[in-house]
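The block underneath contains the structure these notes are about, expressed in structure tokens.
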Amino acid sequence: MNHHDAEIEKGYEGNVYNMPSNTYGEQQAVSAATVAEASGRGGDTHRGLKSRHIQFLALGGAIGTGLFVGSGSILALVGPAPLFMAYLSMMLVVYNVMNNLAEIVTYLPMQGITIPYFVKRFVDPSLAFAVGWNYWYAYAILVAAEATAGNILINYWSNPVPDAVWIAIFLVVILFLNIVAVGVFGEAEFWFASIKFITIMGLIILGFIIMLGGSPNDQGRLGFRYWNKPGAFNPYLTKGSSGRFLAYWTAFVRAGFAFITSPELIALAAGETVAPRRNIPKAAGRFVWRLAVFYGFGSFIIGVIVPSDDDRLLSPSSNASASPFVIGIARAGITGLNHVINAAVLTSAWSAGNAFLFSGSRVLYGMALNGEAPKIFGLTNRNGVPWVAVLATWTIGLLAFLNVSNTGAQVFAWFSNISTISGFIAWIVVMITYIRFRKALVFQNLLHTLPYKTPFQPYLVYIILGIVSLLTITNGFGVFTKANWNVSNFLAAYITIPIFLVLYFGHKVWFRTAFAIKVENIDVISGKKEMDELCALDEEPIPKNVFQKIWFWVA
């Protein structure tokens, strides 16, 4: 990035950027309908995603191996009560982050937008640079994590094919789905996610049947049997109430992996969505409630049908190759169904990997347009796909081949820790960006023009910002005890923080940026006129019969 690029904040008129101020990040922008147009670099993405695509994209990324596989390791470590409580707690965090992003991207759903674009526009270019690379790094690691989880699930069948072959197949399929037109990607994600939703709903219903005594074997009515023995809590690090609290907090931190970067999927897709001001609020508003059903009931059922001391649960010592749902079905004596469910869970790993590759590539593409990554990543093919960015993100997914020389459970733990801390940092930046965005709207007396407003703001964002900051700092607290000290686990838990700080302060020192753009100079105008005109042309479809009415409500 040269010095001229560094001076460009946003917006241009014709081919000349408007920079009335000499202070980096303090200039007032003019107008642009797309980020590619504003930057004068790269190609352009296409609006090929429909309402059902973005809703299922977000849920497809959220409901992945964190629930189907990772929940087993939490259950084994701390017990069913902390598992259930942690997922409920994390949903409140996700609810806030989703609402923050939805308000911003519904206000400015420009083509090519990414979270770093808004950070640069509303907060600080250095913070945008750091969080952009942090996001890309997190999504790329998540691709590897999903490939690792897919390999774990395939090994349930004790297949003779080497791990490397299955990992290669997994990665090649998601590369193909991302390199073609975005509409093909969206359609594939819709069907992948549909299988996942049917599976999780079926598992929840089946779980309640098993709980109430519907097992074909003689285990009888489970009720809360496993909450009594081996117990609702496995105290962590110490005994008594302190141990139970630490068990909950550990579960809370680890539950982050299941949700990390999922709210951002809707925001990243906004620039490629048809009728964004109608479809983004629709997707965002239903996102958390659907998560509440899937994660709330799902985490509860796992702790009911599987005891925390089952040696088949995922842990570094057991290297289990099954989802806790599959274990619960096997314990109930239901033959054959465990294989069907394992196959369905495998598609969920594919679905999540597909969504994460899409998101990581769009972050890299957006940074290229903003001059924060090499220009080559801004190239798009005739279908509007940033193919160079897709390939670069996919390449990091090759880290999944670490499974060849390490146990799948250990590699999965590394990847989940790395991506979780990256996600927490990203959420902190999202909330700071929302606070600045809202302050600028208040300053410009434009708060009333927000097309989509969410409840409890701005109070909720400050509370959740404090909670996520604590989670980030304490992410790997268990590793500091003598019995749990491990260099690789320490690095996995904390390496992202110094990397982020080096990127942030390095950029700030190199380009001598101010601490933050002054509120009075934050641009909340550029692109709004074009988005208002675009969205004014939207005509909401009118259902012709009761079936269409139900479908329009669902998707």
Taking it one step at a time, do T420 and R254 satisfy side chain to side chain contact (heavy atoms under 4.5 Å, CB included)?
CA-CA 8 Å; T420 298; R254 295 190 177 213; over 6 Å; no
Enumerate donor-acceptor pairs with a distance under 3.5 Å from any side-chain N or O in residues 456-464 to protein atoms, sequence neighbours excluded.
unit_1, atom_1, unit_2, atom_2, d
Q457, OE1, V461, N, 3.3
Q457, NE2, N96, OD1, 3.1

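- Residues F356 and T393 fail the side-chain proximity criterion, which asks for heavy atoms closer than 4.5 Å.
- With contacts defined as side-chain heavy-atom distances shorter than 4.5 Å, the pair L471/M90 qualifies.
- Between the W394 side chain and the L357 main chain, no donor and acceptor come within less than 3.5 Å of each other.
- Scanning both residues, T513 and S126, for their nearest heavy atoms gives OG1-OG, 2.8 Å.
- Note: L450 CG to I104 CD1 = 9.5 Å, rounded to the nearest 0.5 Å.
- Take V165 and apply the side chain to side chain contact (heavy atoms under 4.5 Å, CB included) test, not counting sequence neighbours, and it matches V161, P162, I169.
- No side-chain heavy atom of L503 sits under 4.5 Å from any side-chain heavy atom of N134.
- Ring geometry for F122 against F118 counts as parallel: the plane angle stays under 30°, on a 0 to 90° scale with 60° as the upper cut.
- In this structure, V93 and F252 have side chains that are in contact, with non-hydrogen atoms separated by less than 4.5 Å.
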From CA spacing to verdict: ring pair (Phe, Tyr, Trp, His ring centres under 6.0 Å), Y95, F259
CA-CA 11 Å; Y95 172 75; F259 299 90; over 10 Å; no
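- By the 6.0 Å contact criterion, CZ on F480 is enclosed, its count of non-hydrogen atoms from other residues, nucleotides or ligands being greater than 12.
- One N or O on the side chain of E103 and one on the backbone of T454 form a donor-acceptor pair closer than 3.5 Å.
- Counting only distance, with no hydrogens or angles, the side chain of N234 and the backbone of A247 share no donor-acceptor pair below 3.5 Å.
- For F208 against I301, the heavy-atom pair with the smallest separation is N-CD1, 3.7 Å.
- Taking CG of L447 as the reference point, atom NZ of K439 lies at 13.5 Å (rounded to 0.5 Å).
- Of all the heavy atoms in K120 and P125, the pair that sits closest is CG-CA, 4.0 Å.
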Verify side chain to side chain contact (heavy atoms under 4.5 Å, CB included) between D310 and R331, making sure each step is shown before the conclusion.
CA-CA 10 Å; D310 191 302; R331 289 181 67 93; 2.9 Å; yes
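- Side chains of I200 and F325 form a contact here, defined as non-hydrogen atoms less than 4.5 Å apart.
- When side chains are defined from C-beta on, L101 counts as touching I115, because their heavy atoms get closer than 4.5 Å.
- In terms of heavy atoms, A232 sits closest to P82 at O-CD, 3.3 Å.
- A distance of 7.0 Å separates CD1 of I204 from CZ of F294, quoted to the nearest 0.5 Å.
- Side chain to side chain, Y248 and R244 fail the donor-acceptor criterion of an N or O pair below 3.5 Å.
- With no hydrogens or angles considered, no side-chain donor-acceptor pair links Y87 and S71 at under 3.5 Å.
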Walk me through it: do I497 and T472 pass the test side chain to side chain contact (heavy atoms under 4.5 Å, CB included)?
CA-CA 9 Å; I497 295 177; T472 304; 4.2 Å; yes
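- Rounding to the nearest 0.5 angstrom, the gap separating the CH2 atom in W249 from the OG atom in S89 is 8.5 Å.
- The distance from the CZ atom of F424 to the OG atom of S469 is 11.0 Å, given to the nearest 0.5 Å.
- One finds the OG atom of S299 at 6.0 Å from the CG atom of L88 (value rounded to the nearest 0.5 Å).
- Counting all heavy atoms, side chain and backbone alike, P263 lies closest to M98 at O-CE, 3.5 Å.
- Shown here are the side chain to side chain contact (heavy atoms under 4.5 Å, CB included) partners of L337, two or more places apart in sequence or in another chain: L206, I329, I334, V340, I341.
- In F297, the CZ atom is not crowded: 12 or fewer heavy atoms of neighbouring residues, nucleotides or ligands sit closer than 6.0 Å.
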Starting from the C-alpha separation in whole Å, work towards a yes-or-no answer on side chain to side chain contact (heavy atoms under 4.5 Å, CB included) for V429 and F500.
CA-CA 11 Å; V429 175; F500 181 86; 4.0 Å; yes
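- No side-chain heavy atom of W133 sits less than 4.5 Å from a side-chain heavy atom of H507.
- For the pair L127/Y504, a side-chain contact is recorded, criterion being any heavy-atom separation below 4.5 Å from C-beta on.
- Here the closest heavy-atom approach between residue F477 and residue Y494 is recorded as N-OH, 3.7 Å.
- Between F233 and F245, the ring center distance fails the sub-6.0 Å criterion.
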